There are 2 protein chains.
Amino acid sequence: MGVSKTQLFSVSHNELANAAKVLSHPARIAILEYISKQDNCICTDLVDVIGLAQPTISQHLNEIKKIGLLKGTFEGKNLCYCIDRERWAALQNAFNTFFSNINQNCC
Amino acid sequence: MGVSKTQLFSVSHNELANAAKVLSHPARIAILEYISKQDNCICTDLVDVIGLAQPTISQHLNEIKKIGLLKGTFEGKNLCYCIDRERWAALQNAFNTFFSNINQNCC
DNA sequence: TTTTAATATTGCAATATTACGATGATATAT
DNA sequence: ATATATCATCGTAATATTGCAATATTAAAA
């Protein structure tokens, strides 16, 4: 049915899965990497950097915004935003916790 | 067109995105967490633990297998497999590297 | 005020994902 | 040999994702 049965799973499992979903497209990885390496808020040229059409970039940015990884202003002519470091660190921690949680006695 | 333009992006971006895609469904998070916490290889009862139909679990396991996170035997009556710790650590490192790579001067 | 530049939204086509019933394959138990 | 238990595969339906052209919106510049 194409619909994930999210109600079967815990909140934390769904949250981690949602975060992973944002990272599950190379364009979004590239966008995040590019933004995170800037000295300041960025105010354009993602379309040139990534190589996808402007509406497509806009859509990807929206997915990234939805999980709170960006902060700044979004209305008007020029965007001005950057990585939300607090959220970034929280996601880093969530992934790290997940990966650390393995039983070292297995196999 | 529903097709990701993977050729636009670097190998490492695509690899990280592919790994994230495996983690982008709560069932696979739950499956991986369950397996990783076992003392031994597991040989059944994932269907009961997760609560999805057996073919669905089988499909999810296949996605997990595809990126090399499982090792063991898969044919026959009883499965017997567990987490591939080397691959697990590699993915942990890949995510951690990605998240560590942020410019602390931004904003 | 009219242009212009930058981003968002809409609508659509192509493809991917999720889920499960039915069925097939395999190995063990009876 | 037959039944049973376990997992894989096939087929299919429902929904989600990706991408872009066309268009709208917004704010600043001319």
Side-chain angles (χ1 to χ4, degrees), chain A residues 1-9 13-14 17-32 34-35 38 40-67 70-82, chain B residues 1-9 13-14 17-32 34-35 41-67 70-82:
Chain A
M1 309 166 176
V3 162
S4 297
K5 291 192 158 182
T6 55
Q7 75 283 1
L8 286 178
F9 307 103
H13 285 175
N14 277 300
N18 283 334
K21 189 175 287 186
V22 173
L23 303 182
S24 74
H25 193 291
R28 292 193 288 267
I29 296 282
I31 289 171
L32 281 167
Y34 179 76
I35 298 176
Q38 299 308 301
N40 297 298
C41 292
I42 75 160
C43 300
T44 181
D45 68 29
L46 263 181
V47 173
D48 297 330
V49 172
I50 304 299
L52 291 169
Q54 179 266 325
T56 309
I57 298 289
S58 190
Q59 275 183 148
H60 281 309
L61 276 173
N62 221 274
E63 295 302 310
I64 298 172
K65 275 187 241 167
K66 273 200 239 164
I67 52 159
L70 297 179
K71 67 175 177 181
T73 56
F74 294 97
E75 333 97 274
K77 188 181 153 196
N78 285 0
L79 292 188
C80 187
Y81 56 89
C82 56
Chain B
M1 310 167 174
V3 161
S4 295
K5 291 193 157 184
T6 56
Q7 75 283 0
L8 286 179
F9 307 103
H13 285 175
N14 277 299
N18 283 335
K21 190 175 286 186
V22 172
L23 303 182
S24 74
H25 194 291
R28 292 193 288 267
I29 296 283
I31 288 170
L32 281 167
Y34 179 77
I35 298 174
C41 291
I42 76 159
C43 299
T44 179
D45 67 26
L46 261 182
V47 173
D48 297 330
V49 172
I50 304 297
L52 291 169
Q54 180 266 324
T56 308
I57 297 289
S58 191
Q59 271 184 152
H60 282 308
L61 277 172
N62 223 276
E63 295 301 310
I64 298 172
K65 274 187 243 167
K66 272 198 240 167
I67 52 159
L70 297 178
K71 66 174 178 181
T73 56
F74 295 96
E75 333 96 274
K77 187 182 155 196
N78 286 359
L79 291 189
C80 187
Y81 56 89
C82 55

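None of the values given here were measured: they were computed from a predicted structure. Within every chain, numbering begins at 1; the chains are lettered A, B, ... in the order of the sequence lines, protein sequences first and strands thereafter.
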Report summary line: Side-chain contact check for A:V3: nearest option of C:dT15, D:dT15, C:dT18 is D:dT15
**Report entry** DNA chain D contacts among residues 48-63 of chain A, heavy-atom distance under 4.0 Å
**Finding:** A:L52, A:A53, A:P55, A:T56, A:Q59, A:H60
**Report entry** Distance-minimising heavy-atom pair for B:V22 and B:R28
**Finding:** O-NE, 2.7 Å
Query raised in the report: Is any side-chain heavy atom of B:L32 closer than 4.5 Å to a side-chain heavy atom of B:L23?
Result: yes
Query raised in the report: Can you name the closest pair of heavy atoms from B:I31 and B:L61 and give their distance?
Result: CG2-CD2, 4.0 Å
Query - Euclidean distance, atom CD1 of residue B:I35 to atom C1' of D:dC7 [Å, nearest integer] - result: 14 Å
Report task. Ignoring backbone atoms, test whether B:K21 places a side-chain nitrogen or oxygen under 4.0 Å from the OP1 or OP2 oxygen of C:dT17. Result -> yes
Requested in this report: Quickly work out the A:L23 CG to D:dT17 C1' distance and round it to whole Å.
Outcome: 16 Å
Report summary line: For A:I50 and A:A30 the tightest heavy-atom approach is CD1-CB, 3.8 Å
**Report entry** Whole-Å distance separating the CG atom of B:L46 from the P atom of D:dA8
**Finding:** 10 Å
Query raised in the report: Between B:K5 and C:dT15, does any side-chain N or O lie under 4.0 Å from OP1 or OP2?
Result: no
Report task. Would you please test B:L52 and B:H60 for side-chain contact (heavy atoms from CB on, under 4.5 Å) and show each step? Result -> CA-CA 10 Å; B:L52 291 169; B:H60 282 308; 4.1 Å; yes
Report task. Determine the minimum heavy-atom distance between B:H25 and A:S4, stating which atoms define it. Result -> NE2-OG, 3.1 Å
Query raised in the report: B:R28 has an atom CZ; how far is it from atom P of C:dA16, in whole Å?
Result: 15 Å
